[in-house]
Amino acid sequence: MYELNICHLYPDLLNLYGDRGNIIALKKRAQWRGINVNISNVTIGDRFDASEHDIIYLGGGQDFEQKILQEDLLNEKASEIRNGIENDRVFLCICGGYQLLGKYYKTCDGKEIEFLGALDLWTIAHEDRMIGNIVFECDFLKSETCDGKIVGFENHSGRTYLGPGVKPLGKVLKGNGNNGEDKSEGAVYRNVFCSYSHGSLLPKNPALTDYLLNLALKQKYKDFTFLAPLDDHLEELAHNSMIKRILK
Ligand code: GLN
């Protein structure tokens, strides 16, 4: 019997736009395959040991909440998050949860919030926000059955720039993505997958959900081979109707 331990970091603070839906999607798509799933909610003041979790998730948050958790992030959880990243734990980090893995976040009033520096990226906030539906393409998801397109919703004032140490998650087809300038969306480093896409991201993008589950299971069980296919016609209907609407 396979089992996955999923850690939801700062669920009480990084909880914008239904991002909890990503935890639900990971849990249900694993359980529908008979995989046992344990969810741990870890927030300020809680102990965190990355080696106890197979998938670690951070959702989106406003500047205000990002400031609140900064002290705990940098002083209590930073080394364990870095350990998890460098030991190839699977991370999914959305928007604010994405930004805080970078070097810093410069707010609109010029304050520089020091962040983890675990990924080679940085974010600069602007008065005008990037809000709207987004479609981007992930080459690593392309197969006979998947065109690699991902659909989501973005709402961020931060513009994120990637250094040479990370790759984009995908290429923007519609919307802004990281910064509205270089057509990059999100970031990938080792098994860390970051995106600006809320929605929440995973329910309408089953291929990405399964990719993360596969990665975590292969990391944990040397005998694990593949996830049994599911009847995804509802997910595909939602996915394809949104893509059609946004790309028309
Ligand atoms: N506070 C960050 C920004 O505005 C992240 C927002 C979010 O998580 N949606 O860019």
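One-based numbering, in listed order, for ligands and for the atoms of each.
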- With a 4.0 Å cut-off on heavy atoms, is His198 touching ligand 1? yes
- Task: Under the salt bridge (charged side-chain N to carboxylate O under 4.0 Å, His left out) rule, what do Arg29 and Asp232 come out as? Steps first, then yes or no, please.
- Result: CA-CA 10 Å; Arg29 289 189 71 83; Asp232 284 337; 2.9 Å; yes
- Within less than 4.0 angstrom of ligand 1, does Tyr105 place any heavy atom? yes
- ligand 1 to Tyr17 polar contact by distance, N or O atoms, under 3.5 Å: no
- Item | Pair Tyr196, Gln99: side-chain N/O donor-acceptor within cut-off below 3.5 Å | yes
- Lys142, NZ: over 12 other non-hydrogen atoms inside 6.0 angstrom: yes
- Could you tell me which atoms of ligand 1, counted from 1 in the order shown, lie closer than 4.0 angstrom to a heavy atom of Ser157? 3 (C), 4 (O), 10 (O)
- Message: Taking 4.0 angstrom as the limit and counting only heavy atoms of Asn155, give me the atoms of ligand 1 inside it, by number and element.
- Response: 6 (C), 7 (C), 9 (N)
- Query: Starting from atom 1 (N) of ligand 1, which protein heavy atom do you reach first, and at what distance in Å?
  - Reply: Asp63 OD1, 2.5 Å
- Please determine, by modelled atom types, if His198 and Asn155 share a side-chain donor-acceptor pair under 3.5 angstrom. no
- Any idea which atoms of ligand 1 are less than 4.0 Å away from a heavy-atom of Gln66? 1 (N), 2 (C), 5 (C)
- Task: Using a 4.0 Å heavy-atom cut-off, say whether Leu16 meets ligand 1 through its side chain, its backbone, both or neither.
- Result: side chain
- Task: State, without any angle test, whether Asn179 and Asn176 hold a side-chain donor-acceptor pair at a distance under 3.5 Å.
- Result: no
- Message: Give the atom numbers and elements of ligand 1 that come within less than 4.0 Å of a heavy atom of Gly96.
- Response: 5 (C), 7 (C), 8 (O)
- Item | ligand 1 atoms in contact with Gln62 (distance to a heavy atom under 4.0 Å) | 1 (N)
- Task: Evaluate the ring pair (Phe, Tyr, Trp, His ring centres under 6.0 Å) criterion for residues Tyr2 and Phe224: first the C-alpha distance (whole Å), next the side-chain angles of each, then the deciding distance (0.1 Å), finally the verdict.
- Result: CA-CA 9 Å; Tyr2 294 122; Phe224 179 78; 5.3 Å; yes
- Which of these passes salt bridge (Lys or Arg N to Asp or Glu O under 4.0 Å) with Arg47: Glu76, Glu80, Glu52? Glu52
- Task: Check whether any N or O atom of Tyr196, backbone or side chain, sits under 3.5 Å from an N or O atom of ligand 1, and answer yes or no.
- Result: no
- Query: Measuring from the heavy atoms of Arg129, does anything fall under 4.0 Å of ligand 1?
  - Reply: yes
- Task: Answer side chain, backbone, both or neither: which part of His156 comes under 4.0 Å from ligand 1, heavy atoms only.
- Result: both
- Quick one: does Gln99 get an N or O within less than 3.5 Å of an N or O on ligand 1? yes
- Note: Asp88-Lys218 ion pair, threshold 4.0 Å (strictly below): no
- Query: Any idea which protein heavy atom is nearest atom 7 (C) of ligand 1, and the distance to it?
  - Reply: Cys95 SG, 2.8 Å
- Task: Say whether Glu235 and His233, considering side chains only, have a donor N or O and an acceptor N or O under 3.5 Å apart.
- Result: no
- Query: Quick one: which of Gly60, Gly158, Gly61 has a heavy atom closest to atom 5 (C) of ligand 1?
  - Reply: Gly61
- Going by atom types only, do Asp63 and Tyr105 share a side-chain donor-acceptor pair under 3.5 Å? yes
